[in-house]
Amino acid sequence: AVFALMTQRTEVATTVAYDHLVRSGIVQRFEVGPMSLVELERMLGRVLEGPITPTVPPRLAEAVDGNPGMLVELVTASLGKGVLRQAGGVWMLTGPLATGADLTALVNARLSDLDDDHRSAATLLALAGALEVDLAIELMGEELIDGLELQGMVSLRHEGGREVVRLSHPLFGEVLREGLTPLRARRLKTRLAEALEAQSVISAADRARIVRLRLDVGGAVEAEMMLEAATLALLDRDTVTTTELVRRLEAEAPSARVAQLRAELLFAGGRFVEAGRILEGIDLGELDPLAAAFAVRRIATAKFYGEWNQQDALAQLSDSWDRFEGEA
């Protein structure tokens with residue numbers, strides 16, 4: 001008795017013989033869709049044999065676009081290069097995802113069809129992540145964007161009420177960025193930052209991107225803009241960017257708000273006790289009432305989950321009750 005399991009891509013046309021086998025009941029067909037985020041998390045937990053920071057699965061999910069083979073390649077390469085590593089018993093990403101030689105060769109084979117102009121335009125998008133359509137046309141020209149779209153390299157999407165153009169697969173961006181020389185990367189990032197700054201209306205997300213681009217090329221950035229960018233990165237679960245910005249702020253413009261961001265990073269990594277200690281050292285008077293109330297709640301949470309001390313946690317909340325009112 002033989003049991004055979006075969007796979008076939010959904011876009012490949014089936015043969016008459018195959019259809020006959022399915023109709024006769026000899027072969028059973030099961031549709032396997034893309035991996036869900038829950039399935040991806042479960043698989044990572046089994047493979048890595050340990051807890052994973054909440055930011056890792058979404059980043060991998062975005063990069064592999066539902067493809068398990070790509071997931072294996074990215075995880076293996078990131079482990080090998082030390083980008084995916086364990087700290088305090090928890091697995092976390094400490095930088096951009098690494099691509100293995102096989103995967104890089106596969107993507108490069110696809111990118112080799114691009115001429116110099118189209119590759120330059122794709123590289124600009126790789127650095128930008130996503131650009132509003134009008135800004136993309138201004139930077140690259142409509143003809144180049146149309147050409148990239150016809151080759152399946154870019155797609156138009158609606159994000160946050162805006163129509164944006166971005167690379168059709170995140171791995172195109174990973175490989176294009178890895179292939180950049182430092183001087184070319186600096187030149188393109190400067191050009192992107194200047195284009196974003198020249199917009200008549202600059203969104204908070206664009207201000208955060210400007211900060212990232214300016215810092216990458218060694219430019220000066222106001223502390224308030226870095227704080228805003230770090231906060232947005234944290235909300236997006238981008239702990240790598242948040243960590244870089246917080247380190248710079250701690251060196252150049254330390255404040256209660258910066259310390260609070262550091263504590264939030266520790267919370268995200270499950271390091272409740274360390275986060276609580278940082279927050280206890282903050283002068284709450286330097287924070288606005290809502291942020292101060294949030295800090296108090298975090299301190300209580302740290303005592304409860306970090307030290308399993310319910311009494312002190314409740315006392316922390318009770319002692320601070322009279323300090324706040326209304327929404328806070």
Side-chain angles (χ1 to χ4, degrees), residues 59 62-63 65 74 78 83 93-99 103-104 107-108 110-112 114-149 151-157 159-160 162-199 202-221 225-226 229-230 232-233 236 238-245 248:
R59 285 183 65 188
E62 183 185 3
D65 200 25
L74 282 179
S78 297
V83 177
L93 281 168
T94 58
L97 290 165
T99 52
L103 196 55
T104 301
V107 176
N108 270 322
R110 177 76 184 277
L111 294 172
S112 65
L114 300 176
D115 60 30
D116 290 344
D117 289 340
H118 285 88
R119 191 180 181 98
S120 293
T123 302
L124 204 59
L125 273 177
L127 292 172
L131 286 173
E132 283 198 64
V133 175
D134 290 342
L135 183 58
I137 290 172
E138 182 184 324
L139 277 168
M140 294 172 277
E142 200 164 357
E143 190 177 333
L144 283 179
I145 296 171
D146 285 344
L148 288 171
E149 188 177 24
Q151 294 180 70
M153 292 297 302
V154 302
S155 59
L156 292 177
R157 303 181 190 182
E159 297 178 5
R162 307 182 304 169
E163 191 173 34
V164 301
V165 58
R166 64 164 63 241
L167 292 173
S168 55
H169 199 287
L171 285 181
F172 293 153
E174 296 284 350
V175 173
L176 285 166
R177 285 190 295 270
E178 280 187 8
L180 274 174
T181 62
L183 281 175
R184 181 163 170 72
R186 181 188 179 88
R187 188 165 62 251
L188 289 175
K189 286 177 180 179
T190 301
R191 185 181 169 198
L192 267 173
E194 288 172 351
L196 289 167
E197 288 169 338
Q199 296 177 108
I202 305 176
S203 67
D206 281 344
R207 285 199 298 274
R209 281 200 291 175
I210 291 167
V211 168
R212 178 73 274 168
L213 291 165
R214 287 296 185 197
L215 291 178
D216 283 350
V217 299
V221 180
M225 282 188 72
M226 279 197 282
L232 285 173
D236 286 339
D238 182 357
T239 53
V240 174
T241 298
T242 310
T243 301
E244 290 176 10
L245 290 171
R248 181 147 180 168

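Small disclaimer: the values here were computed from a predicted structure and weren't measured.
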Work out which heavy atom in [X] is nearest to a heavy atom in [Y]; give both atom names and the distance.
{"X": "A122", "Y": "L114", "answer": "CB-CD1, 4.4 Å"}
{"X": "A126", "Y": "G173", "answer": "CB-CA, 3.7 Å"}
{"X": "S78", "Y": "A98", "answer": "OG-N, 3.1 Å"}
{"X": "L74", "Y": "L97", "answer": "CD1-CD1, 4.3 Å"}
{"X": "V165", "Y": "L125", "answer": "O-CD2, 3.5 Å"}
{"X": "L232", "Y": "A205", "answer": "CD1-N, 4.1 Å"}

Only one of R162, R166, R209, E138 forms a side chain to side chain contact (heavy atoms under 4.5 Å, CB included) with L131, so which one is it?
->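 The single option meeting the side chain to side chain contact (heavy atoms under 4.5 Å, CB included) with L131 is R209.
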Ion pair check, R119 and D116, cut-off under 4.0 Å |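 Judged by the 4.0 Å cut-off on N to carboxylate O distance, R119 and D116 do not form a salt bridge.
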[atom1]-[atom2] distance between [X] and [Y], expressed to the nearest 0.5 angstrom:
{"X": "F172", "Y": "T123", "atom1": "CZ", "atom2": "OG1", "answer": "12.5 Å"}
{"X": "D216", "Y": "L127", "atom1": "CG", "atom2": "CG", "answer": "9.0 Å"}
{"X": "I210", "Y": "E194", "atom1": "CD1", "atom2": "CD", "answer": "10.5 Å"}
{"X": "L213", "Y": "R191", "atom1": "CG", "atom2": "CZ", "answer": "13.0 Å"}
{"X": "L183", "Y": "L188", "atom1": "CG", "atom2": "CG", "answer": "11.0 Å"}
{"X": "E132", "Y": "E163", "atom1": "CD", "atom2": "CD", "answer": "9.5 Å"}

Please list, chain by chain and in numerical order, all residues satisfying salt bridge (charged side-chain N to carboxylate O under 4.0 Å, His left out) with E197, sequence neighbours excluded.
->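 By the salt bridge (charged side-chain N to carboxylate O under 4.0 Å, His left out) rule, E197 matches R214.
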Taking the side chain as C-beta and beyond, is there a heavy-atom pair between [X] and [Y] under 4.5 Å?
{"X": "L196", "Y": "L135", "value": "yes"}
{"X": "M153", "Y": "L111", "value": "yes"}
{"X": "M226", "Y": "L215", "value": "yes"}

Flag for T239-R59: side-chain donor and acceptor within less than 3.5 Å =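 On atom types as modelled, these side chains do not qualify, holding no pair under 3.5 Å.
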What residues, two or more places apart in sequence or in another chain, satisfy side chain to side chain contact (heavy atoms under 4.5 Å, CB included) together with L144?
->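 With sequence neighbours excluded, L144 shows a side chain to side chain contact (heavy atoms under 4.5 Å, CB included) to D117, H118, A121, given in chain and number order.
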For D146, check side chain to side chain contact (heavy atoms under 4.5 Å, CB included) against everything at least two apart and list the hits.
->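 With neighbours one apart ignored, the set is E142, E149.
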Above 12 or not: heavy atoms from other molecules or residues under 6.0 Å from CD of Q199?
->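 More than 12 within 6.0 Å, yes.
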